[in-house]
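Below, read A as the first sequence line, B as the second, and so on, with proteins coming before strands; counting in each chain starts at 1.
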Protein chains: 4
Amino acid sequence: MSAAPRTARGEQTRRRILEAAEHVFAEHGYTESSVSRITERAGVGQGTFYLYFDSKLDVFDELVEDLNQRVRHAMSEGARGATSRLEAEREGFAAFFRFTAEHPALYRVVREAEFVSPGALRLHYTRIVEGYIDGLRQAQLDGEISDIDPTVAAWALMGIGEMIGMRWVLWGNGAGGPGDDADPTASGTDAVPEHVLDEMMRFIGGALGRGDRRSEGEDS
Amino acid sequence: MSAAPRTARGEQTRRRILEAAEHVFAEHGYTESSVSRITERAGVGQGTFYLYFDSKLDVFDELVEDLNQRVRHAMSEGARGATSRLEAEREGFAAFFRFTAEHPALYRVVREAEFVSPGALRLHYTRIVEGYIDGLRQAQLDGEISDIDPTVAAWALMGIGEMIGMRWVLWGNGAGGPGDDADPTASGTDAVPEHVLDEMMRFIGGALGRGDRRSEGEDS
Amino acid sequence: MSAAPRTARGEQTRRRILEAAEHVFAEHGYTESSVSRITERAGVGQGTFYLYFDSKLDVFDELVEDLNQRVRHAMSEGARGATSRLEAEREGFAAFFRFTAEHPALYRVVREAEFVSPGALRLHYTRIVEGYIDGLRQAQLDGEISDIDPTVAAWALMGIGEMIGMRWVLWGNGAGGPGDDADPTASGTDAVPEHVLDEMMRFIGGALGRGDRRSEGEDS
Amino acid sequence: MSAAPRTARGEQTRRRILEAAEHVFAEHGYTESSVSRITERAGVGQGTFYLYFDSKLDVFDELVEDLNQRVRHAMSEGARGATSRLEAEREGFAAFFRFTAEHPALYRVVREAEFVSPGALRLHYTRIVEGYIDGLRQAQLDGEISDIDPTVAAWALMGIGEMIGMRWVLWGNGAGGPGDDADPTASGTDAVPEHVLDEMMRFIGGALGRGDRRSEGEDS
DNA sequence: AATGAATGAGAGTTCATTCAT
DNA sequence: GATGAATGAACTCTCATTCAT
């Protein structure tokens, strides 16, 4: 049974293992990552791992949890200070893409979670979506956007961010075509090009509409 | 080295292995699926597997390829006969969700492909997206939709379909909450509820807009 | 149970398998050679193999037997017409080296026989040695060489031929140093350089001495 | 990846595996020796093997290397104190035969190396031959032997030792005839009979000649 | 707190051989 | 006579995890 570290030294060791795990998982995926590779990278003995984690799956879950908190924090930080829902959306996405570019682990690790730890995956998506829903509902109250079902819209937004992020961040801005069989680790980590972000926001802007549009439309 | 079957009997055996692989992969994911589980399910000896496939990865790739063709066929069949781009979109998505509900393997297998066979994953998404792009371009020529960048819009549509499909088809219509840690296999395979499809299409309809809207708006 | 071919067609098939086996064994050694590789090279079905041979070991033995006959034939052909024991020796060795260069299988296959089929190995060496012994004994009767124990001398000659052949024929005339880790198949198949053959014969000439030397030497 | 043992316990385990490997390889040859047989004999778990060796081939190479050092040491120890080149040769061969009798692995393992690890094989022979060459050259400077090409002579000596060793040590002093199909392991491990050694040395003595013979002999 | 040694179950894969056609 | 389908035992190697120090 693992235990919480009792000393500052222990705390540090634990953190080093977690960081090593993030890198290793990001590079090789869950199944191809071995505990020994993690401990090696962390510079600790193999046995030490089990002082702080119950199992390989245990670190994985903790990692997903950790990444989820960090990405949500990054997104809300990015959106802070926006003066409209759409601006908030844009800044939130931009922050998300930046975070993804800096932590490719997020994508890779999370996607693999479907098989490894389905609960963690659902929790991850659901939490982000809940943030969207809150924002959308508020915007609807403010008459800023249409009265679309906020849950459906939120999952749609989630999907857009995921796919655009995969296509332009993870695969790199260049080709990204199927021929590009290369090591996924190697692919670009640039942010999404400005043009793509613009068009994506135009797409979303139209999707969410204006609060008054429907009445207008229905009036005519 | 594997070889193509040279007799009807061999052809049948190969097909049985492929079918077994689809089920096993869908249930357990790539890494948790062993060749022996596949051959056991197919009712053949372990060695027989290697008569027709070079490796475990080989079947996987073939399976992704196969599923890709089938889902695209299902989507274009679904959309055939639609009288507008939006109707085509709706019917295409509906067909996609139906297919997903009937073949949960698609989702699971494809998502895992990111680590297992990145080339296969990209090819899969890219092909579907190319179909979208063609449709969007035509609709733009017909003045049916706005002049949004079709590539960006297509990837956004792909993401929407993916995420909505995951949320409502794969996780089931019910809870789907994070607490639902259970065996993903067990989750519902119903289609997406009518209401969700409606709202999703409202979202997409707004996103793609009308071809004349921008000019009109800009004119005024 | 295999059987002797009953038709001309069968005879031909059998021979094709045997030839294919020689090449495959020579290139990959016994254990790395699979029956399927042999049948593939022979252009026949896998089952056909067992029509003419009881087992993989069976072809191997037959091959060793066959090579043994051919190399002894080549050696005696080479030595035919020699006017002295030493000349006969030289021509015999030269023929041996030529044969080895043309059929590297001999060396490789025979050497591996030690583990695969020890009986075959012993038989191979013993037969060649017996030829030497006969020749040496005759030469002694003719007073051409010293009265050294012909059995010991014969095995010594066998060893010299083996080692020189390995060093200069199998490893190639060039470097042959230990650094040369390359594929043994690729190594040169040139014959032994003239100079080496000369020196080797000087060595052997001294070793066998002249029949009159001992008496002479002892007399003095 | 294997690693060097870091504790005394690990060191001991590694040595036990190496010793077990020597016996198992000597008895069954490389291909018929399985890692599990080795670990079983060493009394350790299968996985333990890979703690200290990268692969089956890895132990094999190390074993060849080890045997090579030991046999060369035995030979130079044996020859130490000899007062003539010929005496040194005789004692060196005697030591070689004794070593072979005590470590039949040498022969079997080395001979199989041709296919398993050609580089190791060449290195083994080349190193021994180099020792011969040095000795021969020195003896030539001292006028003790003829001016024969030392490289050719050295390889010839190597071959003689190999073959005589195989015939009388490995096959046993008795029959050795081809009929003796039995398990090669069972064959005798006695040293070479005195008579054989005598005759072999007479052969070699004549071959190397005396430094003054050629000029003197040819002059007279 | 920390570690390296040890393990055994299980993975993917190969192959000599048999057999129905 | 000839064949390709089929098999299952055996192989090498990996790895999460436990434990004595």
Symbol by symbol from the 5' end, with Watson-Crick or G-U pairs under 3.5 Å, [ ] crossing and | another strand, DNA chain E is .||||||||||||||||||||
Taking only N and O in the side chain of Thr13(A), is any of them less than 4.0 Å away from OP1 or OP2 of dA1(E)? no
Taking for Ser36(C) and for Gly43(D) the nucleotide of DNA chain E with the nearest heavy atom, the one nearer the 5' end belongs to Gly43(D)
Contacts of Val35(A) and Thr7(B) projected onto DNA chain F by closest heavy atom; the upstream (5') one is Thr7(B)
Original post:
Any side-chain N or O of Thr48(B) under 4.0 Å from OP1/OP2 of dT7(F)?
Top reply: yes
In short, Lys56(B) meets Tyr30(B) closest at the heavy-atom pair NZ-O, 3.0 Å
Those residues at least two apart in sequence (or on a different chain) that pass salt bridge (charged side-chain N to carboxylate O under 4.0 Å, His left out) with Glu65(C) are Arg127(C)
Practice problem: Flag yes if more than 12 heavy atoms outside Glu32(D) fall under 6.0 Å of its CD atom; otherwise flag no. | Solution: no
query: Okay, side chain of Asn68(B), backbone of His124(B): is any donor-acceptor separation there less than 3.5 Å?
result: yes
Winner on side-chain proximity to Val44(C), out of dT3(F), dA16(E), dG12(E), is dT3(F)
Tyr30(C) atom OH is separated from dC15(E) atom P, nearest whole Å, by 13 Å
Q. Base, sugar-phosphate alone, or nothing: which one does Ser33(D) contact when heavy atoms must sit under 4.0 Å apart?
A. sugar-phosphate
Only one of Leu51(A), Val35(A), Ile38(A) passes side-chain contact (heavy atoms from CB on, under 4.5 Å) with Ile17(A), and that residue is Ile38(A)
Residues of residues 50-60 of chain D with a heavy atom under 4.0 Å from any atom of DNA chain F, listed by number, are Tyr50(D), Ser55(D), Lys56(D)
Whole-Å distance, Phe49(D) CZ to dC15(F) C1', equals 17 Å
Rounded to whole Å, the CD-C1' distance (Glu40(B) to dT7(F)) equals 15 Å
Atom CZ of Arg37(C) and atom C1' of dG4(F) are separated, to the nearest Å, by 19 Å
Look at Arg9(D) and dA20(F) and indicate whether a side-chain polar atom (N or O) is within less than 4.0 Å of OP1 or OP2. no
Glu32(D) CD to dT12(F) C1', in whole Å, measures 15 Å
Per atom distances to the Gln46(B) side chain, the nearest of dA5(E), dT7(E), dG8(F) is dG8(F)
Please evaluate residues Glu40(A) and Ser34(A) with respect to the criterion side chain to side chain donor-acceptor pair (under 3.5 Å), reporting the C-alpha separation (whole Å), side-chain torsions for both, the decisive distance (0.1 Å), and the verdict. CA-CA 10 Å; Glu40(A) 199 181 336; Ser34(A) 60; over 6 Å; no
*Does a salt bridge link Glu27(A) with Arg37(A), judged by any charged N lying under 4.0 Å from a carboxylate O?*
no
When rounded to whole Å, the CD to C1' distance for the pair Glu11(D) and dA6(E) reads 16 Å
Closer than 3.5 angstrom, by distance alone: can the side chain of Arg16(C) be matched with the main-chain N or O of Ala42(C) as a donor-acceptor pair?
yes
5'-most contact on DNA chain E (nearest-nucleotide basis), Pro5(A) vs Arg6(D), goes to Pro5(A)
**Asked** With no hydrogens and no angle check, is any side-chain donor or acceptor of Ser33(C) less than 3.5 Å from a backbone partner on Val24(C)?
**Response** yes
When rounded to whole Å, the CD1 to P distance for the pair Ile38(D) and dC13(F) reads 11 Å
